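I have placed the structure first, in the form of structure tokens, so that the comments after it can refer back to it.
Since the structure is predicted, the reported quantities are computational estimates derived from the model, not experimental observations. Heavy-atom basis, side chains included; hydrogens, waters and symmetry copies ignored. All ligand and atom numbering here is 1-based and tracks the order in the structure.
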Amino acid sequence: MKKIYSNINLLKKNTFIKVIKLLKKKHIVALPTETVYGLAGNAYSKSAVNKIFKLKKRPKKNPLIVHYLNLKSAQKDVCFNENFLKLYRKFCPGPITFILKRKQGSKINNYVSSNLNTVAIRFPKNSRTRKILKKLNFPLAMPSANKSKGISPVSPEDVYDEFRDKIKIIVDGGKCRIGLESTVVDLSDKIKILRPGYISSNDIKKTLKRKVDLNKNQKKIISPGMMKLHYSPGIPVILNQKKAGKNVAFITFGKKYSNSINNFNLSKKSNLNEAARNLYKVLREIKSMNFKKIHVVKIPNIGIGVAINDRLKHAANKK
Ligand code: TXA
Ligand code: MG
């Protein structure tokens with residue numbers, strides 16, 4: 001029998017009006033983006049922002065990304081610079097987040113950026129979410145719609161799985177096209193990639209014609225949420241494995257792994273974009289089963305493979 005989800009809605013006229021009303025009243029809704037689903041609330045409102053942190057059980061020191069429709073709506077809150085404008089013109093709206101200096105007089109609530117003097121901003125591409133942003137006179141703080149440290153949701157059912165009826169409306173945008181969170185690039189000082197994603201460091205280097213720091217040996221924690229256990233399925237994850245025994249889920253890539261029952265193939269065609277799209281779905285599926293451990297084969301560390309490996313490394317951390 002098909003499961004009934006009471007709060008998953010297509011963006012028909014009625015739902016659209018309700019979503020706008022809820023957001024204006026400082027409530028939280030879940031929205032689709034091209035990367036993952038997000039928990040959205042008014043970024044200028046302390047009470048809305050507090051609700052997001054509470055729902056996610058997210059530590060206040062881990063800042064949120066603010067989502068805008070376009071340049072015009074963002075200009076009062078952050079200081080633009082040349083590098084930002086170049087990347088914006090090339091990739092936006094799209095799966096990239098920029099860390100910029102906060103502007104004096106910006107109305108962004110201080111909790112959003114954990115009292116830092118920078119703010120993370122993004123211009124999502126999903127047409128439903130853009131239609132909603134168009135109707136609002138405030139931007140949306142929107143972290144991934146999962147409990148802190150958990151697996152990001154890539155379908156409306158995943159969001160339901162995380163929060164049940166605690167969110168009044170989950171806007172149905174189908175499966176996320178990319179399936180991994182946006183690339184985060186710090187442009188507030190030296191150019192640094194803080195989180196790899198679909199847009200690669202090479203794409204950024206080529207557009208800016210500048211050196212880009214991959215932030216590999218980072219000592220100081222610039223993005224508090226990025227260092228520890230994250231994207232966790234709740235059981236041990238062991239990387240670079242060639243096989244998996246009984247009671248062990250085996251995450252694989254490529255056609256030579258196709259037959260065993262505990263095998264979860266990210267892409268039989270060895271397509272990294274397909275693998276990225278499947279990663280969180282597979283982790284969530286394994287989590288709902290009775291495995292004791294996960295083994296993962298080596299995934300090519302090129303293109304979006306860098307982002308896949310980044311998420312897997314976090315999932316494999318002990319705490
Ligand atoms: O694709 C995405 O970016 C999704 C969708 C919903 O837009 N959102 C998302 O948000 O992944 P979240 O909260 O799960 O991840 C935001 C990341 C965190 O690792 C946080 O530490 C970092 O961005 N961040 C936010 N503000 C920052 C700042 N001012 N400086 C450095 N890092 C920041
Ligand atoms: Mg997240």
Under 3.5 Å donor-acceptor, Lys175 side chain and Ser155 backbone: no
For Glu181, all residues meeting side chain to side chain donor-acceptor pair (under 3.5 Å), sequence neighbours excluded: Ser152, Tyr280, Arg311
N or O contact, Arg122 vs ligand 1, cut-off under 3.5 Å: yes
Among Ala30, Gly197, Pro63, closest by any non-hydrogen atom to atom 25 (C) of ligand 1: Pro63
Under 3.5 Å: donor-acceptor pair, side chain of Asn7, backbone of Ile167: yes
Charged N-O contact under 4.0 Å between Lys168 and Asp165: no
Residues Lys60 and Asn50: side-chain donor-acceptor under 3.5 angstrom: yes
Which of the ligand 1 atoms, numbered from 1, are nearer than 4.0 Å to a heavy atom of Pro143: 10 (O), 12 (P), 13 (O)
Per-residue contact class, Thr118 against ligand 1 - non-hydrogen pairs under 4.0 Å: both
Main-chain N/O of Gly173 paired with Asn126 side-chain donor or acceptor, under 3.5 Å: no
Proximal atoms of ligand 1 relative to Ile99 (non-hydrogen, under 4.0 Å): 27 (C), 28 (C), 30 (N), 31 (C), 32 (N), 33 (C)
Proximal candidate to atom 2 (C) of ligand 1 [heavy atom criterion; set Pro153, Ser182, Ser188, Ala120]: Ser182
Any N/O pair Thr35/ligand 1 closer than 3.5 Å: yes
Backbone N/O of Val119 and side chain of Ser113: donor-acceptor pair under 3.5 Å: no
Summary of side-chain hydrogen bond (donor to acceptor under 3.5 Å, both in side chains) pairs that have at least one residue in residues 32-45, sequence neighbours excluded: Thr33-Thr35, Thr33-Arg122, Glu34-Arg122, Thr35-Arg122, Tyr44-Asp77
Enumerated ligand 1 atoms positioned under 4.0 Å from heavy atoms of Ser144: 8 (N), 9 (C), 10 (O), 12 (P), 14 (O)
Per-residue contact class, Asn62 against ligand 1 - non-hydrogen pairs under 4.0 Å: side chain
Donor-acceptor pair, side chain of Asn263 and main chain of Tyr257, under 3.5 angstrom: yes
Per-atom contacts of ligand 1 with Arg195, taking only distances under 4.0 Å to non-hydrogen atoms: 2 (C), 3 (O), 9 (C), 11 (O), 15 (O), 16 (C), 17 (C)
Proximity to ligand 1 by part of Arg58, non-hydrogen separation under 4.0 Å: side chain
Linked, directly or transitively: Ile65 and Ile199 (ILVMFWY side chains, under 4.5 Å): no
Set of residues satisfying salt bridge (charged side-chain N to carboxylate O under 4.0 Å, His left out) with respect to Asp172, sequence neighbours excluded: none
The Mg ion (ligand 2) neighbourhood, protein N/O/S only, threshold under 2.8 Å: Ser144 OG
Per-atom contacts of ligand 1 with Gly38, taking only distances under 4.0 Å to non-hydrogen atoms: 6 (C)
Residue pair Asn146, Ser144: steps toward the side-chain hydrogen bond (donor to acceptor under 3.5 Å, both in side chains) verdict: CA-CA 6 Å; Asn146 54 280; Ser144 51; 2.6 Å; yes
